[in-house]
Amino acid sequence: QVQLVESGGGLVQPGGSLRLSCAVSGFTADYYAIAWFRQAPGKEREGVSCITTSYGNTYYRDSVKGRFTISRDNANNTVYLQMNSLKPEDTATYYCATGLLSNLVVTTDYFYGMDYWGKGILVTVSS
């Protein structure tokens, strides 16, 4: 049974930082991608960042480039999203997801091909 569990969310002031973690278990593929998505109230879900297990390729949506960093700890099957210089518009529920690398399609706003999702964690950026 594949499980993804997000942690590290919460309330932070504008300009602050948070690090989200996504612990993955039960997924046994050799080559896969793990991505972070977010969905703000009343808005569509959007892709935030993605990392692959083959060469560690990383992808970011334009609005988070230079502020967010995705990384992975293969030994612990965990992917992190370091979020710096947070803005109120980053407020959303953040989800991690995973799928086979062979199914991954990257666009400017989304990462297609995810098969398994976490339940999400809330990030609120507010003073």
Side-chain angles (χ1 to χ4, degrees):
Q1 181 180 0
V2 179
Q3 287 189 319
L4 293 90
V5 180
E6 302 97 339
S7 61
L11 173 65
V12 63
Q13 293 186 341
S17 298
L18 280 176
R19 188 178 79 158
L20 303 183
S21 299
C22 174
V24 183
S25 62
F27 196 63
T28 59
D30 290 332
Y31 302 105
Y32 57 96
I34 297 180
W36 286 96
F37 298 80
R38 66 186 182 188
Q39 186 167 21
K43 294 189 176 181
E44 297 284 323
R45 187 167 59 194
E46 59 188 24
V48 176
S49 184
C50 181
I51 189 167
T52 67
T53 60
S54 53
Y55 297 102
N57 294 336
T58 58
Y59 306 92
Y60 299 92
R61 70 179 298 104
D62 286 344
S63 62
V64 307
K65 286 180 181 177
R67 300 189 298 123
F68 290 11
T69 303
I70 192 170
S71 62
R72 59 193 171 102
D73 179 346
N74 291 336
N76 293 311
N77 294 322
T78 301
V79 170
Y80 302 99
L81 185 68
Q82 178 67 43
M83 306 186 295
N84 299 329
S85 302
L86 283 161
K87 305 175 181 180
E89 51 263 42
D90 295 316
T91 295
T93 298
Y94 283 70
Y95 302 87
C96 64
T98 189
L100 294 176
L101 182 59
S102 57
N103 294 334
L104 178 65
V105 175
V106 178
T107 69
T108 55
D109 293 316
Y110 210 79
F111 308 108
Y112 295 93
M114 302 294 122
D115 297 314
Y116 303 97
W117 293 77
K119 294 181 179 180
I121 193 162
L122 182 62
V123 171
T124 304
V125 185
S126 175
S127 55

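It should be emphasised that the depicted structure is a prediction, and the values quoted were computed from it without experimental measurement.
Rounded to the nearest 0.5 angstrom, Thr52 OG1 and Leu101 CG are separated by 5.5 Å. Atom CG of Leu122 sits about 8.0 Å away from atom OG1 of Thr91, to the nearest 0.5 Å. The CZ atom of Arg67 sits 6.5 Å away from the CG atom of Leu86 when rounded to the nearest 0.5 Å. Between the SG atom in Cys22 and the CG atom in Asn77 there is a gap of 10.0 Å [rounded to 0.5 Å]. One finds the CG atom of Leu81 at 8.0 Å from the OG1 atom of Thr69 (value rounded to the nearest 0.5 Å). Distance CZ/Phe111 to OG/Ser49: 6.0 Å, rounded to 0.5 Å.
Salt bridge Glu6/Lys119: absent, no basic N to carboxylate O contact under 4.0 Å. A salt bridge links Asp62 with Lys65; the closest basic N to acidic carboxylate O contact falls under 4.0 Å.
For Thr78 against Ser21, the heavy-atom pair with the smallest separation is CG2-CB, 4.2 Å. Residues Arg38 and Ser63 share a closest heavy-atom pair of NH2-OG, 3.6 Å. Among all heavy-atom pairs drawn from Ala40 and Ala92, the shortest one is N-CB, 3.8 Å. Nearest heavy atoms, Met114 versus Gly99: SD-N, 3.9 Å. Of all heavy-atom pairs between Gly8 and Ile121, the closest is N-CD1, 3.6 Å.
Residues Trp36 and Val79 form a side-chain contact, since some pair of their non-hydrogen atoms from C-beta on lies under 4.5 Å apart. Side-chain atoms of Gln82 and Leu18, non-hydrogen and from C-beta on, never get closer than 4.5 Å to each other. A heavy-atom distance below 4.5 Å is found between the side chains of Phe27 and Leu100.
In this structure a side-chain-to-backbone donor-acceptor pair under 3.5 Å is missing from Arg45 to Gln39. Side-chain atoms of Ser85 never come within 3.5 Å of backbone atoms of Gly15 as a donor-acceptor pair (strictly under, hydrogens ignored). In this structure a side-chain-to-backbone donor-acceptor pair under 3.5 Å is present from Thr53 to Tyr32.
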Check step by step if side-chain contact (heavy atoms from CB on, under 4.5 Å) holds for Asp90 and Met83.
-> CA-CA 9 Å; Asp90 295 316; Met83 306 186 295; over 6 Å; no

Audit row: Cys50, Leu104, side-chain contact (heavy atoms from CB on, under 4.5 Å) steps and yes/no = CA-CA 10 Å; Cys50 181; Leu104 178 65; 4.1 Å; yes

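At most 12 heavy atoms of other shown residues, nucleotides or ligands fall within 6.0 angstrom of atom CD in Glu44.
Note on Val64 and Tyr59: separate hydrophobic clusters, where clusters join Ile, Leu, Val, Met, Phe, Trp and Tyr whose side-chain heavy atoms are under 4.5 Å apart, directly or indirectly. No continuous path of hydrophobic side-chain contacts links Val106 to Tyr116 [ILVMFWY only; heavy atoms under 4.5 Å]. Cluster membership check: Val2 does not share its hydrophobic cluster with Trp117, using side-chain heavy-atom separations under 4.5 Å among Ile, Leu, Val, Met, Phe, Trp and Tyr.
None of Ile70, Ile51, Asp73, Leu20 except one satisfies the side-chain contact (heavy atoms from CB on, under 4.5 Å) rule with Tyr80; the exception is Asp73.
Using the six-membered ring where Trp is involved, Phe37 and Tyr110 have ring planes that are tilted, between 30° and 60° apart.
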